[in-house]
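See structure below.
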Amino acid sequence: MKNKFRMTVVMMIAFMMVFTVTGCGNSGGKVKGETFDGGNIEVFVPEGWAAYHGPDIFDDYEEGYNPNVVNLGKGSKSDADLFNVPMVNITYSADKSMVTPTKDYYEEAKDIKDIETDEYTWKGFTAVSMGYPVAILFAEKGDVQIQVNVSLEGDEDKVTVEDADFIAILNGIKAK
């Protein structure tokens, strides 16, 4: 009888642990993905996301792309998809030439709690831009400045600044 009771308790504990771990999803574990070399910055790209070099609009760079800009799209198949999916635009500066983003140009702007990553403290806000929800984040360390603009919704998907994928992206931004 004692063995049957112990076995029942052990099974219940094991069962509860399975459901607890299953319910956590990515929040407790590592997000899988790979690093994308953007030129002057490296960016972590979670599985299900794609990364693209920033366009060299004025033919300023011998690489043929802007090494200071990386765009990521959740579920995108090409850079043309970036307007239809949740998108993260990362812009890097090594000479303090960026202006800290301001809420003045957006509707419904609300500060978000600072996000601490291994390299940076991200300050920012969420807002509405031209009818679409966005998040704007900014970090500085020495002369390095990085701005992250996020389109939070696409045609069929959404992201938040609390998502494990998004936090992994922020944690994976490294200036070279």
Qualifying ring-ring contact (aromatic ring centres under 6.0 Å, His included) pairs, either residue in residues 60-105, two or more places apart: H53-Y65
Verify same cluster id: I173, L72 (apolar side-chain graph, 4.5 Å): yes
Atom CD of residue position E62 - does it have more than 12 heavy atoms of other residues, nucleotides or ligands inside 6.0 Å? no
So which heavy atom on A164 is nearest to which on V31, and how close? O-CG2, 3.7 Å
In the single-linkage hydrophobic clustering (I, L, V, M, F, W, Y; side-chain heavy atoms under 4.5 Å), do I90 and L82 co-cluster? no
So, does K176 use its side chain to make a donor-acceptor pair with the main chain of G39 at under 3.5 Å? yes
Where do K77 and D81 come nearest, in terms of heavy atoms and distance? N-OD2, 2.7 Å
Short question: side chain of K158, backbone of D155 - any donor-acceptor pair under 3.5 Å? no
Side chain to side chain contact (heavy atoms under 4.5 Å, CB included) for T102 and T100? Distances and angles first, verdict last. CA-CA 6 Å; T102 176; T100 304; over 6 Å; no
Does F36 share a hydrophobic cluster with V69, counting links as ILVMFWY side-chain heavy atoms below 4.5 Å and allowing steps through other members? no
I'd like a table of donor-acceptor pairs (distance under 3.5 Å, sequence neighbours excluded) in which one partner is a side-chain atom from residues 136-149, with atom names and distances.
{"unit_1": "E140", "atom_1": "OE2", "unit_2": "K96", "atom_2": "NZ", "d": "3.1"}
{"unit_1": "E140", "atom_1": "OE2", "unit_2": "Q145", "atom_2": "NE2", "d": "3.2"}
{"unit_1": "K141", "atom_1": "NZ", "unit_2": "E119", "atom_2": "O", "d": "3.4"}
{"unit_1": "Q145", "atom_1": "OE1", "unit_2": "S97", "atom_2": "N", "d": "3.1"}
{"unit_1": "Q145", "atom_1": "OE1", "unit_2": "M98", "atom_2": "N", "d": "2.9"}
{"unit_1": "Q145", "atom_1": "NE2", "unit_2": "M98", "atom_2": "O", "d": "3.4"}
{"unit_1": "Q147", "atom_1": "NE2", "unit_2": "N149", "atom_2": "OD1", "d": "3.0"}
{"unit_1": "N149", "atom_1": "ND2", "unit_2": "N89", "atom_2": "OD1", "d": "3.4"}

Please name all residues satisfying side chain to side chain donor-acceptor pair (under 3.5 Å) with D111, sequence neighbours left out, ordered by chain then number. K103
Find out if a path of hydrophobic residues (ILVMFWY) with successive side-chain heavy-atom gaps under 4.5 Å connects Y120 to I115. yes
Ignoring hydrogens, what is the shortest heavy-atom contact between N71 and P55? Give both atom names and the distance. ND2-CD, 4.3 Å
Is there a donor-acceptor pair closer than 3.5 Å between any side-chain N or O of Y132 and the backbone N or O of E153? no
Do any N or O atoms from the side chain of S76 and from the backbone of D79 form a donor-acceptor pair under 3.5 angstrom? no
Solution key, residues 122-130 side-chain donor-acceptor pairs under 3.5 Å, sequence neighbours excluded:
{"unit_1": "W122", "atom_1": "NE1", "unit_2": "T117", "atom_2": "OG1", "d": "3.3"}
{"unit_1": "K123", "atom_1": "NZ", "unit_2": "D114", "atom_2": "OD2", "d": "2.7"}

Could you pull out all donor-acceptor pairs under 3.5 Å where a side-chain atom in residues 40-49 meets a protein atom, sequence neighbours excluded?
{"unit_1": "N40", "atom_1": "ND2", "unit_2": "N68", "atom_2": "OD1", "d": "2.7"}
{"unit_1": "W49", "atom_1": "NE1", "unit_2": "D165", "atom_2": "OD2", "d": "3.1"}

All heavy atoms of G38 vs all of V70, minimum pair found to be CA-CG2, 3.7 Å
Under 4.5 Å between side-chain heavy atoms, hopping through other hydrophobics if needed: is there a path connecting V134 to V85? no
Which ring-ring contact (aromatic ring centres under 6.0 Å, His included) pairs, counting each pair once, include a residue from residues 157-176, with sequence neighbours left out? none
Could you tell me whether E116 atom CD has more than 12 heavy atoms of other residues or ligands within 6.0 Å of it? yes
Any chance you could measure E108, atom CD, to K110, atom NZ, to the nearest 0.5 Å? 6.0 Å
Nearest atoms (heavy-atom pairs only) where V161 meets I167: O-CD1, 3.2 Å
